[in-house]
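The figures here come from the full heavy-atom set of this structure, side chains too, leaving out hydrogens, waters and symmetry mates.
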Amino acid sequence: HPKSPDVEVCEDEGTEIWIPHHISDLDKCGHVVVKYEPTDDPKHPGYGDDAYIARRAELNAIARTYKHGDPLPQVEYTPAEQATWRTAYTALKELRKDFTCSEYQKNIEKMEAAGLITAERIPSIQALSDYIQRRTGFQLRPCGGLLSARDFLASLAFRVFQTTFYTRHPSKPHHCPEPDVIHEILGHCPMFADPEIAQVSQEIGLLSLGASDEQIERLATLYWFTVEFGLCEQDGKVKAIGAGLISAYGELKHACSDVPEHKPFDPAVTAVTTYEDSDYQPMYFVTKSIKDVMDKLKTYAASMSKSFVNVYDPYSQTVRQMPPE
Ligand code: HBI
Ligand code: FE
């Protein structure tokens with residue numbers, strides 16, 4: 001089910017919504033939402049492809065057995081999956097200079113120079129996780145598909161990013177209606193190596209812990225329009241900061257063109273804007289910088305009605321709920 005795994009009364013702070021307190025509690029935050037799956041969506045490129053569906057299910061099943069502290073699964077990708085990766089990677093590399101933000105370019109270039117990301121094969125998720133952890137403390141853990149927004153956002157509070165392992169369908173190497181490993185690696189990983197995006201992501205995660213369903217919806221929308229589909233101004237142009245754009249050949253060019261509407265990022269407006277998750281966005285929010293996202297998020301957070309604030313202690317990898325000051 002899409003909500004929290006179970007409901008407990010937290011005696012001292014009075015919230016009735018279960019939250020993960022320790023990073024290992026994320027083992028209970030893997031609830032999958034059925035949406036855009038090849039099994040039941042005729043628009044999914046893998047619809048009706050039994051071999052693809054079986055492979056996707058196999059990789060999701062491996063992901064779901066993962067427990068905090070386990071080594072990440074070392075998947076042997078097939079030659080066909082490697083070919084899909086190569087096609088997507090090569091095409092996106094061409095667009096990088098013109099359409100992605102400088103933070104992305106700097107980080108992916110470093111990862112390429114270190115031999116972590118190459119055209120030849122799908123990178124090791126463990127090696128990427130180790131790399132990102134050294135830069136921003138973010139780590140990757142496997143998940144079995146699209147998660148409930150509550151579970152997905154909760155992990156961000158602990159600087160953990162839930163990562164899918166299956167690849168997109170080979171007939172559509174430039175697009176996938178759901179997250180896939182190519183989106184995670186090319187879209188998210190280099191951005192999670194950026195300290196400011198890491199901070200924005202964790203902040204949204206912390207705000208989500210113990211939040212009402214309505215607040216979760218707003219925070220998921222903020223995440224969607226920034227970390228996933230955000231644009232920023234750089235060198236007098238709009239450039240992608242969002243992973244959903246950076247990893248999608250068609251939508252990346254569309255987003256930075258004059259076709260869609262561009263509005264200034266303002267959390268109070270952005271959080272209540274409905275988004276398109278089955279086609280290109282008709283509208284994108286543009287921020288001055290990633291730091292500007294963080295500054296505005298802080299102001300927005302102060303306006304949320306909350307009876308507690310969540311504080312993360314990185315030494316114990318624990319979240320504590322404190323009375324607001
Ligand atoms: N689950 N695995 C996964 N990946 C996502 O990007 C993701 C998700 N669940 C919910 C979700 N994104 C969106 O609701 C975000 O806006 C939070
Ligand atoms: Fe994503």
Side-chain angles (χ1 to χ4, degrees), residues 4 15 17 19-30 68 101 103-104 107 128-143 147-163 179 184 187-211 215-230 232 241-244 265 267 270-271 287 289-304 306 308-322 324-325:
S4 51
T15 164
I17 297 170
I19 69 161
H21 284 281
H22 183 257
I23 192 167
S24 61
D25 293 334
L26 296 176
D27 290 347
K28 298 177 219 163
C29 296
H68 172 73
C101 66
E103 290 84 353
Y104 179 77
N107 284 316
L128 286 170
S129 182
D130 293 346
Y131 178 88
I132 298 166
Q133 202 161 6
R134 283 198 299 273
R135 308 212 51 105
T136 62
F138 249 91
Q139 60 183 292
L140 308 177
R141 69 168 284 155
C143 70
L147 301 180
S148 74
R150 191 179 284 281
D151 283 358
F152 179 74
L153 295 176
S155 67
L156 299 176
F158 297 82
R159 296 209 172 205
V160 170
F161 180 64
Q162 302 244 22
T163 307
E184 318 289 28
H188 286 292
C189 286
M191 290 308 288
F192 280 127
D194 175 75
E196 288 174 344
I197 272 289
Q199 207 194 349
V200 165
S201 305
Q202 183 180 29
E203 181 69 17
I204 297 175
L206 284 167
L207 291 170
S208 80
L209 298 178
Q215 288 171 328
I216 291 286
E217 186 60 38
R218 292 183 181 181
L219 293 166
T221 305
L222 279 177
Y223 178 88
W224 181 270
F225 279 116
T226 54
V227 180
E228 210 60 71
F229 288 94
C232 72
I241 59 174
F265 173 69
T270 306
T287 171
S289 63
I290 301 172
K291 182 172 179 303
D292 192 50
V293 176
M294 190 60 206
D295 293 344
K296 291 191 165 136
L297 206 54
K298 286 257 185 236
T299 311
Y300 177 76
S303 78
M304 282 173 72
K306 286 176 306 182
F308 56 86
V309 287
N310 299 309
V311 180
Y312 185 64
D313 172 16
Y315 303 109
S316 59
Q317 301 184 304
T318 303
V319 164
R320 252 173 268 155
Q321 295 195 314
M322 320 265 270
E325 75 258 10

What side-chain donor-acceptor pairs closer than 3.5 Å can you find for residues 192-199, not counting sequence neighbours?
from	atom 1	to	atom 2	distance (Å)
D194	OD2	E196	N	3.1
D194	OD2	I197	N	2.9

Identify every side-chain donor-acceptor pair in residues 128-135 under 3.5 Å, counting partners at least two apart or on other chains, and give the distances.
from	atom 1	to	atom 2	distance (Å)
S129	OG	L140	N	3.0
D130	OD1	Q126	NE2	3.0

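Y312 places a side-chain heavy atom less than 4.5 Å from the side chain of Q317. Using a 4.5 Å heavy-atom cutoff, the side chains of T226 and T287 are not in contact. In this structure, P179 and E184 have side chains that are in contact, with non-hydrogen atoms separated by less than 4.5 Å. Taking 4.5 Å as the limit, some side-chain heavy atom of V227 sits within range of a side-chain heavy atom of H188. A heavy-atom distance below 4.5 Å is found between the side chains of M191 and I241.
Applying the side-chain hydrogen bond (donor to acceptor under 3.5 Å, both in side chains) test to pairs two or more places apart or on separate chains, those with a residue in residues 290-303 are K291-D295, D292-K296.
Considering only residues two or more places apart in sequence or on other chains, E103 meets the side chain to side chain donor-acceptor pair (under 3.5 Å) condition with Q234. With sequence neighbours left out, S289 forms a side chain to side chain donor-acceptor pair (under 3.5 Å) with no residue at all. For the ring-ring contact (aromatic ring centres under 6.0 Å, His included) test, residues two or more places apart in sequence or in another chain that qualify with F225 are F285.
When every heavy atom of G187 is checked against every heavy atom of A243, the shortest pair comes out as C-CB, 3.3 Å. When all heavy atoms of F265 and L222 are compared, the pair lying nearest together is CE1-CD2, 4.1 Å. The two residues I216 and S208 come nearest to each other via the heavy atoms CD1-O, 3.4 Å. Pairing each heavy atom of A301 with each of L207, the nearest pair is CB-CD2, 3.6 Å. Between Q321 and L209, the shortest heavy-atom distance links the atoms NE2-O, 3.9 Å. Here the closest heavy-atom approach between residue P142 and residue Q162 is recorded as O-OE1, 3.8 Å.
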